[in-house]
Structure formats: C-alpha cells, structure tokens
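Input: a single structure, listed below in structure tokens.
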Amino acid sequence: MLLAEVAAASAEIASASARLAKTRRLAILLNRVAADGDARLVAVTASWLSGELPQRQIGVGWAALRTLPPPATSATLTVADVDARFSRIGAVAGKGSRTARAGLVRDLFETATDAEQVFLRRLLSGELRQGALAGVMSDAIAEAAGIPAAEVRRAAMLAGALPTVAAAALTGGRPALAEFRLRAGRPVGPMLAQTASGVDDALQRLGGTAIFEAKLDGARVQIHRAGSAVSVYTRSLDDVTSRLPEVVAATLALPATDLIADAEAIALRPDGRPQRFQVTAARFGRKHPGDLEPLSVFFFDLLHLDGSDLLDLPTRDRLDALDALVPAARRVDRLVTADPAAAQNFLDRTLASGHEGVMAKSPSAPYEAGRRGSGWLKVKPVHTLDLVVLAVEWGSGRRTGTLSNIHLGARDPAGGFVMLGKTFKGMTDAMLAWQTERFTELAEGPTDGYVVRLRPEQVVEIAFDGVQGSTRYPGGMALRFARVVRYRDDKSPTEADTVDTVRALYERGG
DNA sequence: TTCCGACAGTGGGGTCGCAAT
DNA sequence: ATTGCGACCCCACTATCGGAA
C-alpha cells in the first residue's frame with residue numbers, strides 16, 4: 001500500500017461535503033488496505049485518517065515543519081515505510097536529538113511527492129482538516145467490515161483506541177469485536193459533559209430530578225486497579241501513574257481487588273480549600289512529584305468492581321456501589337434533588353467553598369464512555385466585562401481571509417489599555433464578516449501581517465470563567481476561557497471596564 | 001418538514017521537560 | 001541561565017450533516 005493512495009483519499013474526503021460520502025471513501029480505502037492481509041497496516045491507516053499517529057507523539061510539531069525540502073517527483077513511499085520512519089523519529093532522544101530528528105523529517109519529506117507532503121504536514125501538525133476524524137472513521141470501519149456502527153463505537157470506547165478496533169473488525173469481523181470488554185488496566189474513553197446555563201436549565205433538561213455534584217477545578221483521572229497493580233490515566237488516556245503516588249495509595253486503601261473508577265485530582269490548601277488551578281496543573285505536569293503540593297483525589301464514578309461491569313447501570317446504581325466502596329471523605333460532595341431552590345443552594349455552597357461549579361447528572365443514564373453524553377451537564381458561573389479590541393489576527397482554515405482572533409484590553413485609569421488575552425470564540429460567520437470590515441477600517445498601519453494593530457475604539461462584551469495569573473501579559477493577569485458575547489456599539493472605549501475591576505476579581509480568587 | 005444530537009474545526013492560557021543557544 | 005518547542009492540563013463556541021421526530 002502506497003502512501004500516495006492514503007494521501008489521495010484524504011484529499012478526496014476533504015473535498016466532499018457530505019459525511020456519508022466521506023464515510024464511503026474511507027471504507028473503500030480500509031478495504032483496500034485490509035486486502036493486503038496485514039492488520040498493522042489497517043490500524044495505521046485508520047489511525048492516520050482519524051488524525052492520529054499510532055505512536056501518539058513523535059516530537060515533531062508545527063515549528064519543525066516550517067521549512068521543508070522540495071518534493072519528490074514520483075511516489076515511492078509505502079504506508080509501512082512511513083510508519084516505521086515515524087517510530088524512528090519518535091525514538092530519537094538525548095543530546096543532539098533535535099538535529100537528528102530534523103534530519104529524519106527532512107529525509108522523509110524529500111522522499112514524498114507534493115501531495116504526500118501536504119498530507120504528512122497536516123497529519124504531523126494535527127490539522128488534517130478533512131472534516132472526518134474518529135467519529136466518521138468509526139462509521140467507516142463499520143461500513144467496511146459490514147458490522148453495525150454501534151458495535152464498532154462501543155468496542156472503540158472499551159478499547160480506548162480506534163486503530164486496534166479497526167484492525168480487529170476488518171481482519172476478525174464481528175466475533176473479534178465482541179472480545180473488547182472492560183478490563184482493569186486498559187483505559188476507557190471517559191464520559192464528558194455538556195454545558196447548562198444554570199441549575200434550572202439542568203433540572204429541566206434532565207427531566208426533573210438530578211444528581212448534583214461539586215465540580216472540582218483539578219485534573220480528571222481514570223483509576224484502574226487489578227489486584228495490587230494500580231494505573232492512573234488522564235482524560236486523553238495517557239498513563240500518569242508514576243506522577244501520582246497519592247492516587248495510587250488512596251486506591252490501594254480501598255477494599256476491592258479489581259476496579260475502574262473516575263476521579264478528580266486536585267491540590268488543596270492546608271485549610272481544605274482548593275488551590276488555584278495553576279497549582280494543580282504544575283504538580284500534575286511534574287514527572288517526579290517530589291515533596292511539593294500534595295494532590296488529593298476525589299472519586300465520583302465507578303465503572304467496574306471485582307468482576308462486574310457497572311457502566312451500563314443507571315448513575316444512581318453506580319453511585320450506590322461507589323458509596324459502599326469509597327469513604328465519604330474521598331468522594332465529591334453530592335445532592336440528589338428535584339427542587340430548584342435546593343439545587344441553587346448546593347451550587348452557592350459549593351462556590352463558597354472555592355470550587356468551580358457543579359455537575360448535574362441524570363439518575364437513570366448509563367455511563368456513556370467516550371461520549372459527550374446528555375446525561376451529564378456542567379454548571380459554572382460566567383463573568384462578563386466590556387473590553388476594547390487592541391489588535392486582531394488573520395484566521396486560518398475555514399477562517400482564512402477573515403480577521404479572527406482578537407486581542408482584548410481593559411482600560412487603564414492612568415491612560416491606555418492593558419492586554420488580558422485573546423479570543424476567537426463566540427463569533428458567528430456574520431460577525432466574522434462584520435469584524436473583518438470593521439477592523440480593516442480601524443487598522444493602525446499595515447494589514448498584511450499576521451497581527452493587525454488597531455486604534456482602540458471598538459468595545460466588545462466578553463464572557464469568561466475567571467482570572468488567572470500570567471507571566472505573558474503586562475498586567476500579570478489573563479482571562480480564562482474568554483469568548484465574545486456581542487460587539488457594543490453603544491459604548492465608547494472610555495466606558496470600558498478597567499484593569500482595577502479585573503484585579504479585584506483576581507484577588508477575590510476567581 | 002423541522003428539529004436536534006453528534007462531530008469537526010478554530011483556536012485560548014498555563015505548566016512541565018528538554019534541547020539548543 | 002534563558003529561550004523555544006512539543007505535549008498536555010484546563011477548555012467554549014459555531015457550522016454542518018443526517019437521522020429522529
């Protein structure tokens with residue numbers, strides 16, 4: 001199988017708009033690879049065309065792809081060859097590794113045709129832009145193997161990976177898929193949540209009664225125990241066991257042999273209130289924990305216990321099992337209610353304890369592994385400020401040709417504006433068109449660079465989740481998850497919110 | 001025929017580890 | 001010592017397709 005065939009398929013998929021057409025094209029390609037009889041090649045192809053490398057990461061990013069050699073004129077690279085080259089690139093380590101890696105990347109691109117270079121560059125930079133990733137690939141595997149889509153999806157969630165499922169489906173068929181079961185030690189796609197605007201919205205969407213839980217501002221962990229062996233995975237299923245000895249110890253203290261659980265790891269202050277997220281992130285990111293900032297762990301779901309799979313049980317039953325296993329001090333706070341006032345009170349109390357918000361869960365919903373299920377909703381308070389647009393950046397991909405990412409400034413009472421971050425979120429296509437025109441008028445100097453500086457005249461209402469410390473911005477603060485609500489043509493920059501307002505919010509802890 | 005769930009795309013700030021400068 | 005890069009923690013939001021209602 002030639003790389004050229006895969007690159008051509010990717011280009012065709014990108015140019016089709018119908019999802020069914022993309023699925024069909026992917027299925028044809030998968031069947032062609034499967035005809036070679038090599039399961040590894042099926043897995044590699046499925047992985048690439050869902051935007052991932054089987055090696056996960058190989059230390060090559062955007063910067064390493066900035067300058068590439070001229071392309072080859074004939075297509076000689078095979079899928080197997082490129083896969084092997086990726087492994088070699090990823091295995092380079094130590095002093096001189098950057099240079100060595102760059103050399104291997106250059107060799108690869110020298111051997112690739114123009115079309116292949118485009119594909120490889122997109123794949124390695126994580127911007128495949130073919131309108132098809134894991135979701136479409138899952139359906140394509142089903143179509144190629146003649147298996148119901150739901151079965152492929154479920155196997156992928158239980159395997160925590162699509163490529164192995166692709167290989168199994170196309171070489172072993174339906175019986176091979178049935179082999180994928182929940183197993184302690186093999187990570188599972190975590191269930192994710194949708195957003196609700198408040199507890200009333202959450203109660204209504206969940207059908208009247210909800211399980212409310214404290215939403216801790218830490219890092220999600222999936223904990224597996226098989227006998228005395230504990231492993232801990234992140235939301236993206238990376239193994240972080242060695243970084244989190246506290247989590248391992250807390251898990252070994254539980255009266256069980258085998259389990260799979262969902263939990264949050266978070267750094268707490270001595271008084272039990274949460275540290276800022278940055279403290280947890282620093283500790284979580286550290287490979288060798290040392291003696292700094294101990295992490296606490298709080299369990300909130302149980303998927304497997306001593307031979308029994310629980311994930312298809314309703315939430316209330318899974319939580320009964322969790323409560324019987326984990327002491328209350330190691331679980332997140334919880335309230336089951338249908339009463340909006342009681343729910344609001346729980347949210348208020350949770351926020352007063354310094355936490356991020358609450359989760360609202362359907363008592364009857366199963367654990368939808370790997371999905372952003374409608375059975376889980378998050379509720380977090382939203383702040384808004386009227387800020388001034390200081391500059392704007394040209395967009396990429398589908399935003400090419402529009403002025404997209406705006407730089408946000410708060411008014412400095414002493415004069416001028418203090419930048420607090422950027423945002424590209426919340427803009428409709430109509431807003432993008434409007435702001436491209438508006439900011440072209442406000443441009444202070446050339447508009448052909450990446451960043452276009454503006455006269456500070458346009459006020460914009462910005463929603464955000466909180467204020468965090470920053471070394472990047474001059475005020476020492478940056479907005480967390482900033483997004484545009486609307487442009488305010490009824491306000492002048494002299495009426496914009498001040499940096500003092502932002503600082504007060506920061507010092508209040510949020 | 002309309003509605004809505006799921007998915008892909010477009011990027012945000014912060015932190016770490018590590019190689020290069 | 002500092003800087004740049006890659007990887008990954010937290011993530012919000014809109015457009016689109018196609019099946020559900």
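Chain letters run A, B, ... following the sequence lines, proteins first and then strands; every chain starts at 1.
Residues A/R438 and A/Q458 have side chains that bring a donor and an acceptor to within less than 3.5 angstrom of each other.
Distance, A/Q194 CD to B/dC4 C1': 11 Å, rounded to whole Å. Separating the CH2 atom of A/W376 from the P atom of B/dG5 is a distance of 19 Å, rounded to the nearest angstrom.
OP1 or OP2 of B/dT10 sits under 4.0 Å from a side-chain N or O of A/R129. In terms of phosphate contacts, A/N405 brings no side-chain nitrogen or oxygen within less than 4.0 Å of OP1 or OP2 of B/dT10. The shortest distance between the side-chain N/O atoms of A/Q278 and the OP1/OP2 oxygens of B/dT15 is below 4.0 Å. For A/T423 and B/dG11, the shortest distance from a side-chain N or O to OP1 or OP2 is not below 4.0 Å.
Look at A/D429 and A/R398 and you find a salt bridge, because one of the NZ, NE, NH1 or NH2 atoms lies within 4.0 Å of a carboxylate O, short of that distance. Salt-bridge annotation for A/R24 and A/E143: absent, with no side-chain N of the basic residue lying under 4.0 Å from a carboxylate O of the acidic one. For the pair A/D107 and A/R85, the salt-bridge criterion is not met [side-chain N within less than 4.0 Å of a carboxylate O]. The pair A/R122-A/E127 does not meet the salt-bridge criterion, since no charged nitrogen lies less than 4.0 angstrom from a carboxylate oxygen. We find that A/E393 and A/K422 are joined by a salt bridge, their nearest charged nitrogen and carboxylate oxygen being less than 4.0 Å apart. Electrostatic pairing of A/D262 and A/R220 counts as a salt bridge here, judged by a charged N lying under 4.0 Å from a carboxylate O.
Of the residues in residues 135-154 of chain A, those placing a heavy atom less than 4.0 Å from an atom of DNA chain B are A/G135, A/V136, A/R153, in numerical order.
Screening residues 382-391 of chain A for salt bridge (charged side-chain N to carboxylate O under 4.0 Å, His left out) gives A/D386-A/R488, A/D386-A/K491 as the qualifying pairs, with residues at least two apart or on separate chains.
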Apply side-chain hydrogen bond (donor to acceptor under 3.5 Å, both in side chains) to the pair A/Q275 and A/D217, showing each step before the final yes or no. CA-CA 9 Å; A/Q275 297 271 14; A/D217 195 8; over 6 Å; no
At under 4.0 Å between heavy atoms, how does the protein contact nucleotides 16-21 of chain C? Give one character per nucleotide, 5' to 3', with B, S or -. BBSS--
Indicate for each nucleotide in nucleotides 6-13 of chain C, in 5' to 3' sequence, whether protein heavy atoms under 4.0 Å reach the base (B), only the sugar-phosphate (S), or nothing (-). SSSSBBBS
Dump every N/O contact between nucleotides 19-21 of chain B and the protein below 3.5 Å, one line per pair.
residue	atom	partner	partner atom	Å
B/dA19	OP1	A/G94	N	3.1
B/dA20	OP1	A/R98	N	3.2
B/dA20	OP1	A/T99	N	3.3
B/dA20	OP1	A/T99	OG1	3.2
B/dA20	OP2	A/G96	N	2.8

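A/R276 forms a cation-pi arrangement with A/Y506, by the criterion of a distance under 6.0 Å to the ring centre and an angle within 45° of the ring axis. A cation-pi geometry, defined here as NZ or CZ lying under 6.0 Å from the six-membered ring centre and within 45° of its normal, holds between A/R480 and A/F277.
The partner of B/dC7 is absent, by the rule that a Watson-Crick or G-U pair needs both atom distances under 3.5 Å.
Note on A/E127: nothing from the nucleic acid sits closer than 4.0 angstrom, heavy atoms only. Within the nucleic acid shown, A/S374 has no heavy atom closer than 4.0 Å to any nucleic acid atom.
In this structure, the ring of A/F439 has its center no less than 6.0 angstrom from the ring center of A/W394.
By the ring pair (Phe, Tyr, Trp, His ring centres under 6.0 Å) test, A/W62 is found to be paired with no residue, residues two or more places apart in sequence or in another chain being considered.
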